[in-house]
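Heads up: the structure comes next, in structure tokens.
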Amino acid sequence: MRRSSFAIFHVMAVIVILVGLLTGPRLGIINHDFLAFLSPLLPQGALLSVHVLFGCLLTLIAIVFTVATIRAPFRGAPSKFDKAVNYFGYLVIVLSIVTGWLLWLNPESLSLVIHGLSATAIFLYLVLHGIKHTVFKGKQVLSVLLPRNALILLSCSIALVYFCGLGIKLIVADQHLRLEVAPLSRQSHLEIDGKGDEPQWLRAKPIKLTTFGGANFLDGSSEVEIKALSNHDETFFLIRWQDPTESLDHLPLEKTSDGWQVQENGFYRFDERTYYEDKFAIMLSTTCELGGDGTMQYGDAPLADKPRNWHGKGYHASTDGRTRDLWHWKALRTNDMYLADDNFFGPPQSVALGQRRYTAGYQPDGKESGAYVMNWRWYSPTEVTPKRMPIPSPDITERKVLDWFASETYNPQRDMAKIGEQLPSVLYRSNRFEGDRADVRARGEWHDGYWTLELVRKHQTHSPLDVELRSGVCMWVSAFDHAQIAHTRHHRAIQLRYML
């Protein structure tokens, strides 16, 4: 192999690896808070597609370089130290490529850990490699690595590799999981009760996938099984996922010597991970791009002219002007309504005056009536004033949700609660939503370390905020284990295929 050819491979690999080292930690901050100190140095935005693209480019460069080296090895005279450093670099690069593809095919916690460690090792290798060449060659290092007559060839090679890698990425991104929606007669009746014990479900072919990156789950992952049935009017989903505990708390208020206080561990920055209910989310879209169809914007300030988020993780928002449907089931707030909260991801919303939490494109559908609200007047991490108290009050520790019509306006003079007693923070103003926000009926039950959730919705709701259920629509799922935003995720979209 000529020196110019070797230099071209070298420069292309360095560029691709540096982009991977910048985008990878930004994705990793979602799962690992200890990486947050790197945030000011990292890019922001919809970076998953970029990371996958440059992973494809690195794979292509590694394959071509290996073939070229076997056919015509580069003849140099490296020292033993040089050989050791180079072999170490080759090893960790290959390890990073292999674990990256394993994470794409079937994400597991071990592959995620090894992928992160290999990225750290690559950074150390680049530092050692760069220092060694700079010390021994000084200012001549650039001319040695990239001869002048190689510049034109390098430009052409970078363009060729980029477009080849883009093609590979497009092919890879099109490898969706397929969920067959089995036919169901109109005469068949399915009870939405969270049991899924009707015989019709036996005809539905399940798919299983591992979701990763969630708080409180074992190794951060949860295996999800999904089945689907459909008649001519509605689609039914049966979803089962691993969750070691049934969590029904939601920021309970506790009486202290200083008054009522919200029990929280991260809620102040909108990243509660202790006093929160279990949840499950389904996103639907007519397109199937990476990064939740491009709706995940990574970073503490990924959207221009919009506020920073409190937790530094990112926002959900579409930047193409389209709307993605979102079904958000909540074990405490919506389960007894027999509903999932019908929401959507849309373009970033305007900032409201006095708004403490900005949610970008994550918004609820409209409703005609019905709601739950928080049972405090103004939030403070030190003390709050409840809106209402139960009637009667002695059993307030047994209630998870407070009904408006079974309660009365809070009066400090009539507050007989003892220190340590708790009061629900969720206040039902009616039994359930009505209108667009109530399009998805749902019910879940937890048993022996698993949640079972049944959902049903009409194929066409005629709402501009909903996605019509038909073949080709893609979905993504996320599980929450008593966490506000720290949910599991998966990269490959699930594409619906109706068998009717």
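Residues take their numbers from the sequence shown, with the count starting at 1.
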Heavy atoms of other groups near Lys306 NZ, more than 12 under 6.0 Å: yes

Any Asp481 side-chain heavy atom under 4.5 Å of Ser247 side chain: yes

Can you classify the ring geometry of Tyr90 versus Phe65 as parallel (below 30°), tilted (30 to 60°) or perpendicular (above 60°)? tilted

Under 3.5 Å, side chain of His490 to main-chain N/O of Val477, donor-acceptor pair present? yes

Please say whether the positively charged group of Arg356, taken as NZ for Lys or CZ for Arg, lies over the ring of Tyr268, i.e. under 6.0 angstrom from the six-membered ring centre and within 45 degrees of the axis. yes

Only one of Tyr358, Tyr298, Phe345 passes ring pair (Phe, Tyr, Trp, His ring centres under 6.0 Å) with His316, and that residue is Phe345

Report the residue from Asp365, Asp342, Asp341 that forms a salt bridge (charged side-chain N to carboxylate O under 4.0 Å, His left out) with Arg437. Asp341

Has the side chain of Glu180 got a donor or acceptor atom that lies under 3.5 Å from a matching backbone atom of Arg497? no

Between Arg273 and Asp271, does a side-chain contact (heavy atoms from CB on, under 4.5 Å) hold up when you go through it step by step? CA-CA 6 Å; Arg273 302 188 186 185; Asp271 190 12; 2.9 Å; yes

Is any side-chain heavy atom of Asp300 closer than 4.5 Å to one of Ser39? yes

Taking atom CG as the centre, does Asp233 end up with more than 12 heavy-atom neighbours from other residues, nucleotides or ligands that are less than 6.0 angstrom away? yes

Can you confirm if the aromatic rings of Trp451 and Phe280 lie within a centre distance of less than 6.0 Å? no

Any side-chain heavy-atom pair from Leu326 and Tyr362 closer than 4.5 angstrom? yes

Give, for atom CD of Glu289 and atom OG1 of Thr295, the distance between the pair rounded to the nearest 0.5 Å. 11.5 Å

Can you measure from OG (Ser285) to CG (Asp325) and round to the nearest 0.5 angstrom? 9.5 Å

Check whether Gln200 reaches the backbone of Leu202 with its side chain - one donor and one acceptor, N or O, closer than 3.5 Å. no

Closer than 3.5 angstrom, by distance alone: can the side chain of Asp278 be matched with the main-chain N or O of Ala331 as a donor-acceptor pair? no

Ignoring hydrogens and angles, state whether a donor on the side chain of Ser230 or His459 is under 3.5 Å from an acceptor on the partner side chain. yes

Hey, does His491 have a side-chain heavy atom less than 4.5 Å from the side chain of Trp104? yes

Where does the angle between the aromatic ring planes of Phe34 and His32 fall among parallel (under 30°), tilted (30 to 60°) and perpendicular (over 60°)? tilted

Side chain to side chain, Val19 and Leu53, heavy atoms closer than 4.5 Å: no

For Glu277 and Leu332 the tightest heavy-atom approach is OE1-N, 2.8 Å

If you define the side chain from C-beta out and look only at heavy atoms, does anything of Val181 sit under 4.5 Å from Phe236? no

For Ala340 versus Thr334, what's the shortest heavy-atom pair and its separation? CA-OG1, 4.3 Å

Close aromatic pair by centroid cut-off 6.0 Å: Tyr275 and His250: no

Whether Arg457 and Asp439 form a salt bridge (side-chain N of Lys/Arg under 4.0 Å from carboxylate O of Asp/Glu) is what I want to check. no

Nearest 0.5 Å, what's the CG-CD1 distance between Leu126 and Ile17? 5.5 Å

Please find the pair of heavy atoms, one from Asn265 and one from Glu272, that lie closest to each other, and give the distance. N-OE1, 2.5 Å

Run the side-chain contact (heavy atoms from CB on, under 4.5 Å) check on Lys205 and Met499 step by step: do they pass? CA-CA 11 Å; Lys205 183 180 179 181; Met499 311 303 292; over 6 Å; no

Keeping Thr488 on the side-chain end and Ala479 on the backbone end, is there a donor-acceptor pair under 3.5 Å? yes

From CG (Leu112) to CG (Leu110), nearest 0.5 Å: 9.5 Å

side-chain contact (heavy atoms from CB on, under 4.5 Å) for Asp466 and Asp436? Distances and angles first, verdict last. CA-CA 9 Å; Asp466 291 340; Asp436 198 354; 3.5 Å; yes

Any donor-acceptor pair under 3.5 Å from Arg443 side chain to Asn335 backbone: yes

Tyr498 ring center near His232 ring center (under 6.0 Å): no

Taking Gln297 for the side chain and Gly294 for the main chain, is one N or O donor matched with an acceptor at less than 3.5 Å? yes

From CA spacing to verdict: side-chain contact (heavy atoms from CB on, under 4.5 Å), Leu184, Leu190: CA-CA 10 Å; Leu184 183 69; Leu190 297 181; 3.8 Å; yes

Test item: Gln349 side-chain N/O and Ala360 main-chain N/O as donor-acceptor pair under 3.5 Å: no

CZ-SG distance between Arg324 and Cys474, expressed to the nearest 0.5 angstrom: 11.5 Å

For a 4.5 angstrom cut-off between non-hydrogen side-chain atoms, does Gln44 reach Tyr315? no

Indicate the atoms forming the closest heavy-atom contact of His487 with Ser478, along with that distance. ND1-OG, 3.3 Å

Does Leu102 reach the side chain of Ile114, with side-chain heavy atoms less than 4.5 Å apart? no

Would you find a donor on one side and an acceptor on the other, under 3.5 Å apart, between the side chain of Asn216 and the backbone of Phe480? no

Working for side-chain hydrogen bond (donor to acceptor under 3.5 Å, both in side chains), residues Thr59 and Trp101: CA-CA 10 Å; Thr59 302; Trp101 285 108; 3.0 Å; yes

For Asp320, is there any backbone N or O sitting under 3.5 Å from a side-chain donor or acceptor partner on Ser318? no

I need the minimum non-hydrogen distance between Leu284 and Val467, along with the two atoms involved. O-CG2, 3.6 Å

Measuring from atom NE2 of His328 to atom CZ of Phe344, what distance do you get when rounded to the nearest 0.5 angstrom? 15.0 Å

What one should report as the nearest heavy-atom pair of Leu303 and Pro348 is CD1-CG, 3.8 Å

